[in-house]
Number of protein chains: 2
Amino acid sequence: MAGSVNIKDVARHAGVSVGTVSNVLNRTDRVRSDTRARVEAAIAELHFVRNESARQLRAQRSRIAGVLVLDITNPFFTEVARGVEDVLGAAGLSVVLCDSDTDEDRQDRYIQLLTEQRVQGVLVVPVGPIDRQVTRLRRQGISVVLLDSEAPEGLACSVSVDDVGGGRSAVQHLLALGHRRVAFVGGKGRESQVADRAKGAHVAFLQHDEPGAELVSVTARALTIEGGYEAATQLLGMPEAHRPTAAFCSNDLLALGMLRELSAEGVSVPDDFSIVGYDDIDFAAAATVPLSSVRQPARDLGQLAGELLLEEASGLAHEHRQAVLGTELVVRASTAPPRRKSARRARRA
Amino acid sequence: MAGSVNIKDVARHAGVSVGTVSNVLNRTDRVRSDTRARVEAAIAELHFVRNESARQLRAQRSRIAGVLVLDITNPFFTEVARGVEDVLGAAGLSVVLCDSDTDEDRQDRYIQLLTEQRVQGVLVVPVGPIDRQVTRLRRQGISVVLLDSEAPEGLACSVSVDDVGGGRSAVQHLLALGHRRVAFVGGKGRESQVADRAKGAHVAFLQHDEPGAELVSVTARALTIEGGYEAATQLLGMPEAHRPTAAFCSNDLLALGMLRELSAEGVSVPDDFSIVGYDDIDFAAAATVPLSSVRQPARDLGQLAGELLLEEASGLAHEHRQAVLGTELVVRASTAPPRRKSARRARRA
DNA sequence: CACTCTGTATGAATCGTTCTACGGAGCAGC
DNA sequence: GCTGCTCCGTAGAACGATTCATACAGAGTG
């Protein structure tokens, strides 16, 4: 049976008071070594496991932090989570990972859950505006750091990436190669990250200032491999005269999906079409046509966010900071100058 | 301030007793509608958020289930987690994801954490033998289901995949194509899944019974893309006479890494070398040389495990069951008959 | 011997919620 | 008017660990 053995059972079994057992658990040095040994023996014998709910109730705070990401199947976010884990784990906090699946309702449910748990802190990659939820968390004394998204001044700490710059560098690269019609592939969602990457793409076009150059917007159902298939199909459906010769995809999943679908349809990358992705996940380099991609320092992002959270949670004087990390364009094999007009056209399926 | 407003504050503010507030929260129908409205107004006004620790303490059980996987950056496991979420989320349980990173210590720490939290249940992809931990969890009244690994009869429910069968079908495919020297690529770990896949590979060889056919074992540092690069290097380092003409990799990460490294070294897949992966993650189909792979029904696996957990946790009479799901070999472009002897050899870098 | 000081152990109060036993009000039936 | 309901609401005892004020024993000091 055993059901649940508590500190009182341990105390009785060891012939001491509950206070002493608690001391063995939490302030080991305050108890004589023979007493401690007796208590520890009782703990082992009865298979006592501390009830964290009771502990938390008393302590008014848990030893857990939550990480809430947009898409747990996207390696970029799991890499970020690992970065968080690196830092918080070392500080003795446990990290639990939650997946909003880019759904505001799910995001809010998880935030509610974490609030009810009175976690130490929450690191969240937000879906849509999140000011209200941040205020609510703060009101419960829960630290918040925004991940991969810049917080409004004074609202919270945030660690983001210069997505405008990243988007710009991707498109500059394509323009420099000689492409004039470039697709920007985004999703239906209104993630600020994607919007910023799009903005960066526009900036690159404005700076380029070549007459006739055109940025075409393509919208996939979701920022997934599937979405990439779909976006490729959309591109192939365009009349050749207006079809872009290159695409900047707002993440690598899209880019890999598009790469695959184009190859399957006989469009050669990079000879017939160039692709730049975003995130530089491991799979980007591992693609057989290794993908040019805008690298985000995912692990660093997570680590820095973890540090900011610890700083805020420590209760010391704390000024919210907005860290913005840089990106790095990694050029691989999926980008090349466009084929000359005279060359044979991509075969349609 | 606000700090923490509790049910008592709400009661005072609404002019009722704490019991009534609790009833509004938990058994809404037992309270007259005007009273309820008053309480709800007070809750909203004071920004009351239920303290889940106290609730759990009283209820002796949380509304959370934990999923503990080997590698959170491997899309196979996150897909399994989504399957679990599908089922448990619908049942009103929240799911938290933990990453053992194939490390027994980390695994044990997370199990300890989940035990202290008195979660409803734990779904775990085990690292090494786990009987002791299962017994311990069970003793605390926590349900356990093993994922992707078959539990010893009577110990726990488990949902696994016929890895021996999967391994066999992969290697049978290669043998049928005419390969005679085949590499099995595993890792340093002692995961039972990998061992079973290796066993399946051996079975295929035994059944094939062709003199001179040879199964070569290659060990990567880890079952990751990096590990795949490394395994490819090992293969390329072998004297050509003994070098396998095909590899069965124990997961897709390895396979994709190997595919990439071989391509980079001028070895063409599948012309010079065939590769079969395992898991059939989305990235496998999306590789530019789409990967032949043994598909595991990841999401189904998670869903079924979730259902078994709910059944066990419901407290009804419950017999532990071992579900074993089948695999399906998905043949794509990374496998082909071996090049004839006379053909040119792969160029070394 | 009286005193203080130090090192240990104790016991009760506390955290916030749930839930059971109970009570008062209103109503029907006799 | 009494009994027996139902409906709503209340009071207070749990749940299990932590912690603080306190007690006590023994050593050291004068």
Side-chain angles (χ1 to χ4, degrees), chain A residues 2-40 42-43 46-64 112-113 115-119 140-142, chain B residues 2-40 42-43 46-64 112-113 115-119 140-142:
Chain A
S4 207
V5 6
N6 58 25
I7 212 176
K8 221 153 121 190
D9 300 326
V10 174
R12 193 171 330 124
H13 197 264
V16 297
S17 73
V18 292
T20 302
V21 178
S22 174
N23 281 337
V24 170
L25 259 26
N26 303 294
R27 298 112 65 102
T28 313
D29 48 317
R30 300 239 178 130
V31 36
R32 222 189 317 139
S33 63
D34 58 331
T35 317
R36 189 193 319 154
R38 245 177 31 250
V39 171
E40 280 165 352
I43 289 178
L46 299 179
H47 302 292
F48 167 75
V49 180
R50 204 206 238 120
N51 184 323
E52 188 67 20
S53 304
R55 185 171 151 81
Q56 278 175 33
L57 174 58
R58 183 66 229 250
Q60 304 277 66
R61 180 92 319 149
S62 81
R63 301 288 300 157
I64 293 181
Q112 178 71 17
L113 173 75
T115 311
E116 290 178 351
Q117 295 285 343
R118 300 292 193 276
V119 296
Q140 300 294 336
I142 297 176
Chain B
S4 208
V5 7
N6 59 23
I7 213 175
K8 220 152 122 191
D9 300 326
V10 175
R12 191 172 331 125
H13 197 263
V16 296
S17 73
V18 291
T20 301
V21 178
S22 174
N23 281 337
V24 170
L25 258 26
N26 303 295
R27 298 112 64 104
T28 312
D29 48 319
R30 300 236 179 133
V31 35
R32 222 189 318 139
S33 63
D34 59 331
T35 317
R36 188 193 321 155
R38 241 174 38 246
V39 172
E40 279 167 352
I43 288 178
L46 300 178
H47 303 292
F48 167 75
V49 180
R50 203 204 238 119
N51 184 323
E52 188 67 21
S53 303
R55 184 172 151 82
Q56 279 174 32
L57 174 58
R58 183 64 230 246
Q60 302 277 67
R61 180 94 318 151
S62 81
R63 301 287 303 155
I64 294 181
Q112 178 72 17
L113 173 75
T115 310
E116 291 178 350
Q117 294 285 343
R118 300 293 193 274
V119 295
Q140 300 293 337
I142 297 176

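Proteins come first, then strands; the chains are lettered A, B, ... in the order of their sequence lines, and each starts at number 1.
The side chain of B:V18 has D:dG12 as its nearest neighbour among D:dG16, D:dG12, D:dT10. Listed nucleotides C:dT10, C:dT18, C:dT17 differ in distance to A:T20; the shortest reach to its side chain belongs to C:dT10. When distances are taken from the side chain of A:R50 to each of D:dT18, C:dT20, C:dT17, the shortest belongs to D:dT18. In the set D:dT10, D:dT18, D:dA17, the nucleotide with an atom closest to the side chain of B:N23 is D:dT10. The listed nucleotides are C:dG16, D:dT18, D:dC15; the one nearest the side chain of B:A54 is C:dG16. The side chain of A:R32 has C:dT8 as its nearest neighbour among C:dT8, C:dT10, D:dG16. Nearest to the side-chain atoms of A:Q60 among the listed nucleotides C:dT10, D:dT10, C:dG16 stands C:dG16.
One can place CG of A:L25 at 15 Å from P of C:dA9, the figure rounded to the nearest angstrom. Atom P of nucleotide C:dG7 and atom CZ of A:R27 are separated by 15 Å, given to the nearest angstrom. Atom P of nucleotide D:dG16 and atom CD of B:E116 are separated by 15 Å, given to the nearest angstrom. In this structure, A:D9 places its CG atom 9 Å from P of D:dA17, rounding to the nearest Å. Between the CZ atom of A:R63 and the C1' atom of D:dA17 there is a distance of 16 Å, rounded to whole Å. What separates CZ of B:R55 from P of C:dT18 is a distance of 5 Å, to the nearest Å. When rounded to the nearest whole Å, the span between NZ of A:K8 and C1' of D:dT18 equals 15 Å.
Remark: the B:R58 side chain and the C:dT18 base include a donor-acceptor N/O pair separated by less than 3.5 Å.
Here B:V16 lies in heavy-atom contact (under 4.0 Å) with sugar-phosphate atoms only. Note on A:T35: only backbone sugar-phosphate atoms sit closer than 4.0 angstrom, heavy atoms only; bases stay farther off.
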